[in-house]
Number of protein chains: 2
Amino acid sequence: MTESLTDQRRLRPRGSNLGRELAEKLRARIIGGEFPPGARLPSETAISDAYGVSRVTVRTAVKLLESQGMVNVRHGSGTYVADFGGQVRTGLQELRSISETIQEMGFTPRMERYRMEQRPATPEEAAKLAIDDGTEVISIQRAILADEIVMAYSYDVIPSSLIPASHVGELGVDSLFRVLDQLGLQPVRALAELHAVNSTEVAWGPSQPESGLYLLLDQVHQDQRGAAVAYSRTYFVEGRFQFMILRTR
Amino acid sequence: MTESLTDQRRLRPRGSNLGRELAEKLRARIIGGEFPPGARLPSETAISDAYGVSRVTVRTAVKLLESQGMVNVRHGSGTYVADFGGQVRTGLQELRSISETIQEMGFTPRMERYRMEQRPATPEEAAKLAIDDGTEVISIQRAILADEIVMAYSYDVIPSSLIPASHVGELGVDSLFRVLDQLGLQPVRALAELHAVNSTEVAWGPSQPESGLYLLLDQVHQDQRGAAVAYSRTYFVEGRFQFMILRTR
DNA sequence: GAGTGGTCTAGACCACGCA
DNA sequence: GCGTGGTCTAGACCACTCA
């Protein structure tokens, strides 16, 4: 391996780090089929040598993959690729763009904006966003697709004051994360609530899921200073998106 | 600080580590009022000196506290005690007994065993528990109540070999965690999958929830060695139990 | 016993905030 | 400009698995 990760340090995108990058590369190799489910990854020292990074860095990468349910680590034995049956799978505790997640699992993400309007915040939205009742917000309804199949319907609310007119057009078309990122409002944490929902009023348009069964992720996104930047209710169509979480004591 | 954490290495309980211990000590000082909400903790180097551990270890401790919503870390400024308003908010990412959680929310937990049998594992169960097809397992169906209201219906499977006959009677009556703990099989991690479920076949007995809507926590509990000790499918009645999770980048 | 992951250290340099 | 947290390294030793 002649290409060292550290050489590219200056070119790295924001919010990235060597561990994260290494995790991406390993994930790509896993999805690419080089390491099929059940296969053992090279040892941590071997990976460390191959990529020219320290073992500590390798370990942060492996831990990330583990928390995403991508691999299982067995002390004294090795790190093995998990069997996630080709489904989109993601670790809940890590805040990431849905589009990114879809892409990394080897599918093509797309947004479809259904409706967007500017209106006063409802009391509930105002409470979630910690703004005054009736403050102007931009409300967006969009569908999130992977390979043209709807993964989720999302209802997002953002205080209008955060979005300059020049960027409004991108909302609901591009990834919400990407838009916020460009404005320096990258969410770094989200306080999320989980619910099961059964309703025919969530979806719109053609090809609505038959069951009407969703996993609702009700979350407030916060920026680095702890300020609320967005309130999202994202309804994931049950069975199309796999949420997992590594719970530890 | 004369008492160095590293000196006690041999006395440390299993499954612990310096970072976790340090987090406990810091948490105790925070709860004890030494650092009230909004206060800044000593710098990482200062803590590292005071406790005789490396800064890397301090950072793992601080990260743990941050993931529990105990502190907010601000780059270039410091680490501040969060204002958690007296509320006990149990995050999903932390593995705890449901009974314990119910108790901490001020309710009285109770188990109601509906059915228990010993039988060969189904292929799916065997796969989850990493045992051979057809290995004998104990299957338990129980309801978990808080103040006599059903919070969840749980379907648990445990390899028979793990449970001595003397403890079988407690299964499904006492907290599963407590029973496993007594056998030295305390789960330290669980790989959980989340699903929305709508079914009338989950619940039993009288006073079944009308909606049939559940949040399913499908999880494999593992002990310290990574061995699967139990496979649980717990159906939480939607709306009666609140799951929160702090997602971070 | 060889090889794997688990833990920890000391030290370096970078990026950010704040006065 | 100084102090803070953010990242990364090289190396050490321990605990575990498996042949």
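Just so it is clear, the model here is predicted, and its values are computed rather than measured. Every chain is numbered from 1 and lettered A, B, ... according to where its sequence line falls, protein lines coming before strand lines.
A distance of 9.5 Å separates CZ of B/R233 from NZ of B/K128, quoted to the nearest 0.5 Å. Here the CD1 atom belonging to B/I30 is positioned 5.0 Å from the CE atom belonging to B/M70, to the nearest 0.5 angstrom.
The interatomic distance linking A/Y51 (OH) with D/dT7 (P) rounds to 21 Å, in whole Å. The distance from atom CZ of B/R55 to atom P of C/dT9 is 13 Å, rounded to the nearest whole Å. Distance, A/E21 CD to D/dT7 C1': 12 Å, rounded to whole Å. Taking atom CZ on B/R20 and atom P on C/dC8, their separation rounds to 11 Å, with Å as the unit. B/E44 places its CD atom 11 Å from the P atom of D/dT7, with the value rounded to the nearest Å. Between the CZ atom of A/R59 and the P atom of C/dT4 there is a distance of 14 Å, given to the nearest Å. Between B/K63 atom NZ and D/dG6 atom C1' there is a gap of 8 Å when expressed in whole angstrom units. Remark: C1' of C/dG17 and OH of B/Y80 are 9 Å apart, rounded to the nearest angstrom.
Each of A/V58 and A/G76 lies near DNA chain D, and the nucleotide nearest A/V58 is the one positioned closer to the 5' end.
B/F243 has its ring centre less than 6.0 Å from the ring centre of B/F236.
Formation of a donor-acceptor pair under 3.5 Å by the B/E125 side chain with backbone atoms of B/T122 is found in this model.
Closest to the side chain of B/H75, out of D/dT4, C/dT9, C/dG6, is D/dT4. Each of D/dT7, D/dC18, D/dA10 was ranked by its minimum atom distance to the side chain of A/V56; first place goes to D/dA10. Of the candidate nucleotides D/dT4, C/dG5, C/dT9, D/dT4 has the atom lying nearest to any side-chain atom of B/S43. Candidate nucleotides D/dC8, D/dG6, C/dG6 were compared by shortest atom distance to the side chain of A/N17, and D/dC8 ranks first. Side chain of A/T57, nearest nucleotide from D/dT7, D/dC8, C/dT7: D/dC8. The side chain of B/S54 has C/dT9 as its nearest neighbour among D/dT7, C/dT4, C/dT9.
Phosphate contact (OP1/OP2 of D/dG5, side-chain N/O of B/R74, threshold under 4.0 Å): absent. Contact check, A/T45 against C/dG5: no side-chain N or O comes under 4.0 Å of OP1 or OP2.
Residues B/R40 and B/T79 are not in side-chain contact: their nearest non-hydrogen atoms beyond the backbone lie 4.5 Å or more apart.
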